[in-house]
Amino acid sequence: QVTLVESGGGLVQPGGSLRLSCEASGMQFNLYNMAWYRQPPGKGRELVGTFSWDATPHYADSVKGRFTFSRDMRKGMVFLQMNTLNPEDTAVYYCNARHRFTRTEFWGQGTQVTVSS
């Protein structure tokens, strides 16, 4: 069974950077598409971007040019590098894995990112 655990969130000033990590266990990367979602306070969950099984990234317009996906299959981890953060990026960030064929989804517990002066 797939387990996802996010880490790396915290408090950062506007213009700063954070690197989120998602440790995945019990999965083969070639069978899953990965995604990062976020949920701002008082708002619904929104898609940050996807990172497909073949490592092709797609980003929401709101983060394009500022956020970058990467992965380390040897460590079983995916990453979200977040640069030039602004207060609108404040949210709980979630790692998501979706099986390419069964469409079964798995979620991490979320990690809080707060961008504030």
Side-chain angles (χ1 to χ4, degrees):
Q1 187 168 339
V2 173
T3 300
L4 306 174
V5 180
E6 302 99 331
S7 62
L11 176 65
V12 64
Q13 292 185 335
S17 299
L18 282 175
R19 185 178 187 243
L20 304 183
S21 299
C22 175
E23 184 175 5
S25 61
M27 61 173 279
Q28 296 178 239
F29 277 92
N30 67 333
L31 294 179
Y32 289 85
N33 292 320
M34 306 298 298
W36 285 93
Y37 288 79
R38 67 185 184 185
Q39 186 167 11
K43 299 182 179 180
R45 189 172 297 182
E46 63 186 35
L47 179 66
V48 175
T50 58
F51 193 39
S52 66
W53 68 274
D54 61 351
T56 301
H58 299 277
Y59 303 96
D61 289 341
S62 59
V63 306
K64 193 175 300 181
R66 300 187 297 120
F67 290 11
T68 304
F69 296 153
S70 62
R71 72 182 185 187
D72 186 335
M73 291 188 293
R74 184 169 52 206
K75 297 180 179 179
M77 301 185 71
V78 297
F79 307 95
L80 180 63
Q81 178 66 46
M82 306 186 297
N83 298 325
T84 320
L85 288 162
N86 58 63
E88 288 69 41
D89 296 316
T90 295
V92 178
Y93 284 72
Y94 297 91
C95 183
N96 169 270
R98 181 186 297 156
H99 197 281
R100 293 171 58 201
F101 307 112
T102 70
R103 303 300 183 185
T104 300
E105 289 188 314
F106 300 90
W107 295 86
Q109 82 288 352
T111 185
Q112 176 70 49
V113 173
T114 302
V115 185
S116 176
S117 299

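When reading the values below, keep in mind they use all heavy atoms of this one structure, side chains included, and skip hydrogens, waters and symmetry mates. Treat the numbers as computed from the prediction; the structure is a model and nothing was measured.
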### Task
Sequence neighbours left out, what pairs pass side-chain hydrogen bond (donor to acceptor under 3.5 Å, both in side chains) with at least one residue falling in residues 65-79?
Arg66-Asp89

### Task
May I ask you to list the residues sharing a hydrophobic cluster with Phe79, side-chain cutoff 4.5 Å, ordered by chain and number?
Met77

Using a 3.5 Å cut-off and no angle test, enumerate the donor-acceptor pairs between side-chain atoms of residues 10-34 and protein atoms at least two apart in sequence or in another chain.
unit_1, atom_1, unit_2, atom_2, d
Ser17, OG, Asn83, OD1, 2.9
Asn33, OD1, Trp53, N, 2.9

Just distance, no hydrogens or angles: give the donor-acceptor pairs under 3.5 Å from side chains in residues 110-117, sequence neighbours left out.
unit_1, atom_1, unit_2, atom_2, d
Thr111, OG1, Gly9, N, 3.1
Gln112, NE2, Ala91, O, 3.4
Gln112, NE2, Thr114, OG1, 3.3

### Message
Tell me the closest heavy-atom pair linking Leu4 and Cys95, and the distance in Å.
### Response
CD1-O, 3.6 Å

### Task
Identify the two heavy atoms, one from Pro57 and one from Phe69, that lie closest to each other, and give their separation to 0.1 Å.
CB-CD1, 4.0 Å

### Summary
salt bridge (charged side-chain N to carboxylate O under 4.0 Å, His left out) pairs touching residues 96-117, sequence neighbours excluded, are Arg98-Glu105

### Query
Which ILVMFWY residues can you reach from Tyr94 by hopping between side chains whose heavy atoms are under 4.5 Å apart?
Tyr37, Leu47, Val92, Trp107

### Query
Asn96 versus Phe106: any side-chain heavy-atom pair under 4.5 Å?
no

## Note on the structure
To the nearest 0.5 Å, atom CZ of Phe51 lies from atom CH2 of Trp36 at 11.5 Å

